[in-house]
Amino acid sequence: MKPLWFLLFILFPILATNNILATSQSPSSPQTPLRKPDNETIYRISKQLCWGCIGESLQFLFAHNLVRAAKWELPLTWDFQLENYARWWAGIRKADCKLQHSFPENDFKLGENIYWGSGSTWTPTDAVSAWAGEEKYYNYAQNTCQENQMCGHYTQIVWKTTRRIGCARVVCDDGDVFMTCNYDPVGNYVGERPY
């Protein structure tokens, strides 16, 4: 699959110019003008491009790297394959917005953080802030989490060997928000410290 910038580069001149006529040639016929794309076709194509996705990707990446910088960890890089995986899972969760991981419990192939928010205004920064907020429950000296609290979202963000990230955000059919981020290499190994 081509990156979004490639699609924008190819489609923008077609969508932005109203007077371009494409022509088709075949060995047995003269040039025949094709009709211009109609508004419905342009709308359908532009809707599939997810115009806000680039901004959301940058928000996810920047927010993660701010948390990592506070622990002197190397910044993560954006990975389009991880993004595609996250988009696939967010697409499945769009119907019910269920706070469910994409892997069976204890069978993670990638690191994964998930987030649900009531209403449609939750942003990538909100999700990362919620995950990073678990730091207050994490005891580095004992490498433990406070009883009845979660720390795994935070420790995955700052995991020392994780290098790549891909995330997605979707407004579910009920109007709530589901977000997911995937990390590679996976973190949160039992008995190991995150940094």
Side-chain angles (χ1 to χ4, degrees), residues 1-11 45-71 73-117 120-135 150-173 176-189 192 194-195:
M1 185 169 172
K2 300 287 186 200
L4 181 60
W5 64 265
F6 178 80
L7 293 173
L8 290 173
F9 180 77
I10 298 300
L11 291 176
I45 291 171
S46 65
K47 189 174 175 184
Q48 293 171 356
L49 290 176
C50 187
W51 296 103
C53 294
I54 294 172
E56 288 178 357
S57 300
L58 291 173
Q59 284 182 53
F60 276 120
L61 185 61
F62 183 73
H64 275 83
N65 285 335
L66 278 179
V67 177
R68 290 178 66 83
K71 299 300 176 189
E73 289 300 325
L74 292 172
L76 300 174
T77 60
W78 193 258
D79 186 285
F80 288 100
Q81 287 182 318
L82 292 175
E83 177 188 7
N84 288 339
Y85 182 84
R87 288 210 177 288
W88 165 77
W89 186 242
I92 290 184
R93 294 279 59 93
K94 186 178 186 309
D96 60 12
C97 228
K98 187 175 179 183
L99 196 59
Q100 178 180 337
H101 282 286
S102 66
F103 304 101
E105 197 64 37
N106 298 320
D107 189 28
F108 288 96
K109 307 293 186 222
L110 299 167
E112 185 171 73
N113 283 346
I114 55 176
Y115 177 92
W116 168 86
S120 63
T121 59
W122 299 98
T123 67
T125 304
D126 294 324
V128 177
S129 293
W131 298 328
E134 295 175 359
E135 179 182 13
M150 289 194 294
C151 299
H153 301 102
Y154 165 69
T155 53
Q156 175 58 82
I157 290 173
V158 295
W159 199 261
K160 59 189 166 217
T161 58
T162 299
R163 294 292 175 259
R164 292 170 295 285
I165 184 176
C167 305
R169 174 187 180 275
V170 67
V171 176
C172 300
D173 295 343
D176 293 341
V177 169
F178 179 85
M179 289 183 257
T180 179
C181 288
N182 291 103
Y183 307 84
D184 185 59
V186 66
N188 287 339
Y189 288 101
E192 290 186 29
Y195 47 86

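Within the 3.5 Å criterion, the main-chain N or O of Trp159 finds a donor-acceptor partner in the side chain of Arg68. Between the side chain of Asn65 and the main chain of Pro75, no donor-acceptor pair closer than 3.5 Å is present. Thr162 contributes no side-chain N or O that, together with a main-chain N or O of Asp184, makes up a donor-acceptor pair within less than 3.5 Å. Glu112 places a side-chain N or O within 3.5 Å of a backbone atom of Ser102 that can act as its donor or acceptor partner.
Considering OG of Ser120 and CG of Asp176, their distance stands at 8.5 Å, rounded to 0.5 Å. Between atom CD1 of residue Ile92 and atom OG1 of residue Thr180 there is a gap of 11.0 Å, rounded to the nearest 0.5 Å. From Tyr183, atom OH reaches atom CG of Asp79 across 13.0 Å, with rounding to the nearest 0.5 Å. In this structure, the separation between CD on Gln156 and CG on Asn182 is 9.5 Å, given to the nearest 0.5 Å.
The shortest distance between side-chain heavy atoms of Ile165 and Trp78 falls below 4.5 Å. In this structure the side chain of Leu99 never reaches within 4.5 angstrom of the side chain of Arg93, judged on heavy atoms. Between Pro185 and Arg164, the closest side-chain pair of non-hydrogen atoms falls below 4.5 Å.
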- Message: Pair Phe178, Gln100 - check side-chain contact (heavy atoms from CB on, under 4.5 Å), show working.
- Response: CA-CA 10 Å; Phe178 179 85; Gln100 178 180 337; over 6 Å; no
- Full working for side-chain contact (heavy atoms from CB on, under 4.5 Å) between Asp173 and Lys94: CA-CA 6 Å; Asp173 295 343; Lys94 186 178 186 309; 2.8 Å; yes
- Decide side-chain contact (heavy atoms from CB on, under 4.5 Å) for Leu61 and Ser57; before the verdict, give the C-alpha distance in whole Å, the side-chain angles of both, and the deciding distance to 0.1 Å. CA-CA 6 Å; Leu61 185 61; Ser57 300; over 6 Å; no
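Of all non-hydrogen atoms in Ile157 and Ala132, the two that sit nearest each other are CD1-N, 4.1 Å. Across all their heavy atoms, Cys181 and His64 have their closest contact at SG-CE1, 3.7 Å. Smallest separation of non-hydrogen atoms from Ala90 and Ala168: CB-CB, 4.1 Å. The minimum heavy-atom distance linking Met179 with Thr123 is given by the pair CE-O, 3.2 Å. Taking all atoms of both residues into account, the shortest heavy-atom contact from Glu134 to Gly152 is OE1-N, 3.5 Å. Nearest heavy atom pair, residue Thr121 against residue Arg169, reads C-NH2, 4.3 Å.
In this structure, Tyr154 and Tyr195 have perpendicular ring planes: the angle between them is above 60°, well past the 30° mark. In this structure, Phe103 and Tyr85 have parallel ring planes: the angle between them is below the 30° cut-off, well short of the 60° mark.
The environment of Phe62 atom CZ is sparse: at most 12 non-hydrogen atoms of other residues, nucleotides or ligands sit within 6.0 angstrom. At most 12 non-hydrogen atoms from other residues, nucleotides or ligands lie less than 6.0 angstrom from CH2 of Trp122. The 12-atom threshold is exceeded at CD of Glu192, counting heavy atoms of other residues, nucleotides or ligands nearer than 6.0 Å.
For the residue pair Asp126/Tyr115, the side-chain donor-acceptor check at 3.5 Å is not satisfied.
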